[in-house]
Amino acid sequence: MITLYGITNCDTVKKARAWLDDEGVEYRFHDFKKHGVPTDRLAHWLRDPGWEALLNRKGTTWRQLEPDARAAAVDEAGAKALMLAHPTLIKRPLVEWGNGITVGFSPEDWAERST
């Protein structure tokens, strides 16, 4: 079963969920705001695709952080602590497919993975 992680009100997550629905792809949705970040999965994601690919430095949450908090994100441990404290710092959507993990929405890539 595919699991899509994100937050309900994220526009990209909305597009991704609509695409999956339109394509008839079954998936489970895990909302970071409602259910938190699964720490066992986060540990896996920090290895693949890696903390640098996972940390969203372009969003509102990042911009609202104090400079000291942002400065802590220089390694995996610092990024992990920030992502646990602020789940919206995880790039979205994050999808666990049967054949790997993707971050972000790419209809072309997803079409290949979902067949």
Side-chain angles (χ1 to χ4, degrees):
M1 171 69 72
I2 294 167
T3 303
L4 185 145
Y5 297 86
I7 58 175
T8 304
N9 63 344
C10 172
D11 288 339
T12 308
V13 169
K14 288 177 187 177
K15 289 177 193 172
R17 293 181 76 185
W19 185 92
L20 291 168
D21 292 339
D22 291 346
E23 296 296 317
V25 177
E26 290 187 39
Y27 65 96
R28 192 182 96 217
F29 178 63
H30 180 102
D31 189 322
F32 288 136
K33 285 190 175 181
K34 292 180 182 174
H35 306 292
V37 177
T39 55
D40 62 325
R41 302 311 309 144
L42 180 58
H44 178 72
W45 302 334
L46 291 170
R47 289 187 304 276
D48 178 29
W51 71 269
E52 290 149 322
L54 207 55
L55 185 62
N56 182 1
R57 291 184 169 110
K58 294 181 182 179
T60 304
T61 303
W62 178 261
R63 290 190 301 270
Q64 291 176 345
L65 289 175
E66 294 294 324
D68 290 346
R70 282 184 280 187
V74 295
D75 58 15
E76 182 178 308
K80 179 180 180 182
L82 277 176
M83 287 184 248
L84 287 171
H86 306 279
T88 55
L89 286 174
I90 299 173
K91 285 185 184 173
R92 311 175 289 275
L94 186 143
V95 181
E96 291 183 331
W97 306 87
N99 58 354
I101 297 168
T102 59
V103 178
F105 176 54
S106 169
E108 298 80 18
D109 180 46
W110 286 26
E112 289 179 28
R113 290 177 182 274
S114 64
T115 56

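Just so you know, these numbers come straight off a predicted model, no measurement behind them.
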Report the distance from atom [atom1] of [X] to atom [atom2] of [Y], rounding to the nearest 0.5 Å.
X      : Y      : atom1 : atom2 : value
Arg113 : Ser106 : CZ    : OG    : 9.0 Å
Lys58  : Arg63  : NZ    : CZ    : 11.0 Å
Phe105 : Leu20  : CZ    : CG    : 7.5 Å

Taking the side chain as every heavy atom from C-beta outward, state whether [X] and [Y] have any pair of such atoms under 4.5 Å apart.
X     : Y     : value
Thr88 : Lys33 : yes
Thr3  : Arg41 : no
Phe29 : Pro93 : no

Can you see which heavy atom on [X] is nearest to which on [Y], and at what distance?
X     : Y      : value
Leu84 : Pro87  : O-CD, 4.1 Å
Ala69 : Leu82  : O-CD1, 3.4 Å
Asn56 : Trp62  : O-CB, 3.5 Å
Val13 : Leu4   : CG1-CD2, 3.9 Å
His44 : Glu96  : CD2-OE2, 4.5 Å
Ala53 : Val103 : O-CG1, 4.1 Å

Note: Glu76-Arg47 ion pair, threshold 4.0 Å (strictly below): no
Are the charged groups of Arg17 and Asp21 less than 4.0 angstrom apart, N to O? no
If you apply the rule side-chain contact (heavy atoms from CB on, under 4.5 Å), what do you find for Met83 with Leu54, and how did you get there? CA-CA 9 Å; Met83 287 184 248; Leu54 207 55; 4.0 Å; yes
For Ile2 and Arg28: C-alpha separation, side-chain torsions, deciding distance, then whether side-chain contact (heavy atoms from CB on, under 4.5 Å) applies. CA-CA 6 Å; Ile2 294 167; Arg28 192 182 96 217; over 6 Å; no
Applying a strict under-4.5 Å side-chain criterion to I, L, V, M, F, W and Y, I'd like to know whether Phe32 and Tyr27 cluster together. no
Applying the 4.5 Å side-chain criterion to the ILVMFWY set and letting contacts propagate, would Leu55 and Ile7 be lumped into a single cluster? yes
With side-chain contact (heavy atoms from CB on, under 4.5 Å) as the criterion, how do Tyr5 and Trp45 come out once you've worked through the C-alpha distance, each side chain's angles and the decisive distance to 0.1 Å? CA-CA 12 Å; Tyr5 297 86; Trp45 302 334; 3.5 Å; yes
Is there a side-chain contact (heavy atoms from CB on, under 4.5 Å) between Asp109 and Thr102? Walk through the geometry before answering. CA-CA 9 Å; Asp109 180 46; Thr102 59; 3.4 Å; yes
Just by modelled atom types, is the Gly36 backbone N or O under 3.5 Å from a matching donor or acceptor in the His30 side chain? yes
For the ring pair Trp110 and Trp97, is the centre-to-centre distance below 6.0 Å? yes
Is the NZ atom of Lys91 crowded by more than 12 outside heavy atoms at less than 6.0 Å? yes
